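To start, the structure itself, in structure tokens.
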Amino acid sequence: MQRVTELNELMRKKAQMLLENGIVNRIIGWKKGEFIYDRTPAVFQDSDELSKLIYDGFCGANLSKYLIQESKKEGKILALLKPCDTYSFNQLIKEHQINRENVYVLGIGCPDMIDINKIRSKGFKGILKIEEKEDELIIDTLYGQKRIKKEKALLEKCLSCKGKQHVAYDELFLIDNMISDNGSINRSMPDCEEASGLKKVGIASRDSRPKKDPYEMVEKIEAMTPDERFAFWRSELSKCIRCNACRNVCPACVCVKCIFDNDRSGIASKANTDAFEENMFHIIRALHVAGRCTDCGECSRVCPQQIPLHLLNRKIIKDINEFYGQYQAGADTQTPGPLTSFKHDDVEPYIIMRKGGHK
Amino acid sequence: MLKIYKNKWPELFFKISCSRELYMPIEKDGQIWFGKWNEDAKVRFDELNTVKSPKDFFFPQSENIVAFKAKGKNISILEKRDESQPFVVFGIRACDAESLKILDRIFLAEPIDTFYKTRRENATIITLACSEPEETCFCSTFEIDPVNPGGDIATWIIDDVLYWQSLTKKGHTLTEDVKGLFEKADQQDEEKIYSHKKGVKVILSKLPLQDLSLEGFKNGNMLAIFNSPKWRELSQACIGCGTCTFICPTCHCYDIRDYDTGHEIQRFRCWDSCMYSDFTRMSHGNPRHSQIERFRQRFMHKLVYYPANNEGVFACVGCGRCILKCPVSMNIVKVARTWEANKALEVKNDE
Ligand code: SF4
Ligand code: SF4
Ligand code: SF4
């Protein structure tokens, strides 16, 4: 905790320097809330607001999508991006959604993000304070102290982390760089004199935690019979309350007007009815972001009903990898997307399916 | 007061379900919601908030109202009201029980919403007192007492015993049906309940939102708050989803639309959200052009307009659902804090 506090101070200083040097005119980061876990994305304009800026294990929200609007405004904005957020950032650059010139990306190391819902689902009520101690979280509640292994409390997206490397940045500001081997904090902070040039300070965050295969559950679902699979998805999707949080938070959902909001489309489906058609919302959405979804995990993070929406996207990503070769959306801003480009040796999924579904 | 031991609860649920439909907090795919009880149902009395509140029972997320059929030059009107049977909702918390009174002021005022009214009349509400409030609870801001939750029948669970107290005529009728399963609570039980309530009150006094005050909204500050520049900052992160609206027990806005089924025109009503871009859209568009105005609407409605029209009653019961579920952790508490009592004067100077 001590460490987090000091690191936040360093980060605020860094942000303040960039602000005062006129390199940026505002900062997008996260703001403290009422509790230990409720971090809200926020834009800071003045140095004296920066005391409310915070970065810790509860900053799971991906800020890249906000940059679509923010980068259209006057002046440069400093964006604090976690490694996985930079994939969404790149993808949005590729789709000409973000005005790159107006963003100064400060790549920040990621301490792994905590899922407060997972902690709650253990039956821990009245959460007041959460501290990290080695590989455990010590949780002070109204009903006494509880403990949980940190790996059991991570966001789903973090379990299959794409790695701690930023794929886009103007400058890197990494936590581990500032913590020396004996755990003390190296106070000489990364300088920002030539901050406008592309540079990288120090090494990437430690990345030793074993990863969960992102396709493990997808494979389980693939192995089901069609009836079982249908029942699985019907059961999950019937929980949907059509709040549209998954769509609105998704950095790949960038349509100015969604077809489901357009009552002339004939499928506006404002009424949540749990008819099979209703589930089409999710299938259509998954297909519309196919090849563009970076697997940032925001849809599943925000779903109030905890529907594992990422499984739909991962199934499509897995298929794309199998049919068109390994591809990671947002890894860079150049490579043509597998579904938006054509090569002569491209496979025809239709033929593959007809022949039994294997390559 | 009556009591029943845990091993006999299934029998009680069964007995109730014989004469009326019984809905309880039930676990489904890891989520807890008010579902229809059956013998396999996993009843979860330990959870405070179901994802969706029980308002669904009275004001469903979608419902058919009426249909029209054209034949030659005649249009016939078909009544499409869902038949409503007597039903029981068991396990409603004090905050959610209070939310029904807030909805009543809307739907039971002239012109009375008969869809809502029929369901209200058909329902028997069995509340459940809270034993372990969450850090997100702030019902006491609205003078709601979670250890005396009201309803037609109030219940308390202490260890393995459920205590049952009938409070209304409807409650007495249901109690008559199931009385045989209960024992009478004695003096010792009364004492146990008394000290249990006292224990919960101690926890309530320690809740982090205990100090939340809405005084700042009471002083006729409507225009000052409406025009405040603070809304820009508060709404900045809002992604305009419908989560807060749909999980809230007191949000009650709806849309009415017609749908061509191919055979007839079906008119339905469904929940709407002021956070949506097509909310109250008219021929010229949505009168609230940006998310700042939409966001402001939701909170002005709950904290200013509704109380102005309803003797100062706020349209929030402090259940904390929006705190738990907003994708960007923005919520009514953060809004309320901006104009807390001690800041009320600043409100006036804001503009
Ligand atoms: S976030 Fe969840 S509940 Fe909301 S629309 Fe998406 S799947 Fe449905
Ligand atoms: S306040 Fe939160 S839950 Fe409500 S619309 Fe905005 S983002 Fe969605
Ligand atoms: S505004 Fe939030 S706390 Fe208040 S009743 Fe609605 S969901 Fe509950």
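Model, not experiment: these values are computed from the prediction. Residue numbers start from 1 in every chain, and the chains themselves are labelled A, B, ... in the order their sequence lines are given, proteins ahead of strands.
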Using a cut-off of under 4.5 Å for heavy-atom pairs, which of B:Gly240, B:Pro133, B:Cys244 has the most such pairs with chain A?
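Of the candidates given, the most pairs with chain A belong to B:Pro133.
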Counting heavy-atom pairs under 4.5 Å to chain A, which of B:Gly242, B:Ala237, B:Cys270 comes out on top?
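Ranked by heavy-atom pairs under 4.5 Å with chain A, first place is B:Ala237.
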[X] atom [atom1]: more than 12 heavy-atom contacts under 6.0 Å:
X        : atom1 : result
B:Phe45  : CZ    : yes
A:Glu74  : CD    : no
A:Lys122 : NZ    : yes
B:Trp33  : CH2   : no
A:Lys52  : NZ    : no
A:Lys129 : NZ    : no
B:Arg232 : CZ    : no
A:His288 : NE2   : no

Could you tell me which portion of [X] (side chain, backbone, both or neither) has an atom closer than 4.5 angstrom to a non-hydrogen atom of chain A?
X        : result
B:Arg281 : side chain
B:Asp260 : neither
B:Arg257 : side chain
B:Tyr276 : side chain

So which heavy atom on B:Lys28 is nearest to which on A:Ser238, and how close?
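For B:Lys28 and A:Ser238, the tightest heavy-atom pair comes out as NZ-OG, 2.6 Å.
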Before accepting this row, confirm whether a basic side-chain N of the pair B:Glu135/A:Arg120 lies closer than 4.0 Å to the acidic partner's carboxylate O.
yes
Answer yes or no: is there an ion pair linking A:Lys31 with B:Glu233, defined by an N-O contact shorter than 4.0 Å?
yes
Of the listed residues ([options]), which shares the most heavy-atom pairs with chain B below a 4.5 Å separation?
options                             : result
A:Phe58, A:Phe35, A:Tyr37           : A:Phe35
A:Gly33, A:Ala61, A:Ala42, A:Ser235 : A:Ser235
A:Ile28, A:Asp261, A:Val43          : A:Val43

Stepwise side-chain contact (heavy atoms from CB on, under 4.5 Å) test for B:Cys241 and A:Arg247:
CA-CA 8 Å; B:Cys241 67; A:Arg247 177 193 72 185; over 6 Å; no
Does any heavy atom of chain B fall under 4.5 Å from the side chain of [X], the backbone, both, or neither of them?
X        : answer
A:Ile241 : both
A:Gln45  : neither
A:Ile127 : both

Are the side chain of A:Asp38 and the backbone N or O of B:Ser329 linked by a donor-acceptor pair below 3.5 Å?
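Answer holds: no.
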Is a side-chain N or O of B:Lys325 found less than 3.5 angstrom from the main chain of A:Pro304, in a donor-acceptor match?
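Answer holds: yes.
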Value rounded to 0.5 Å, distance of [atom1] in [X] from [atom2] in [Y]:
X        : Y        : atom1 : atom2 : value
A:Leu142 : B:Leu207 : CG    : CG    : 6.0 Å
B:Phe246 : A:Gln305 : CZ    : CD    : 12.5 Å
A:Cys243 : B:Lys52  : SG    : NZ    : 10.5 Å
A:Phe124 : B:Glu134 : CZ    : CD    : 12.0 Å
B:Gln291 : A:Gln69  : CD    : CD    : 11.0 Å
A:Glu34  : B:Leu209 : CD    : CG    : 5.5 Å

Without hydrogens or angle criteria, can the side chains of B:Lys334 and A:Thr40 be said to hold a donor-acceptor pair below 3.5 Å?
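Checked: B:Lys334/A:Thr40 side chains pair up, N/O donor to acceptor below 3.5 Å.
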Does any donor atom in the side chain of A:Lys257 or B:Ser277 lie under 3.5 Å from an acceptor atom in the other side chain?
no
Side-chain heavy-atom pair B:Val328, A:Tyr66 within 4.5 angstrom cut-off
yes
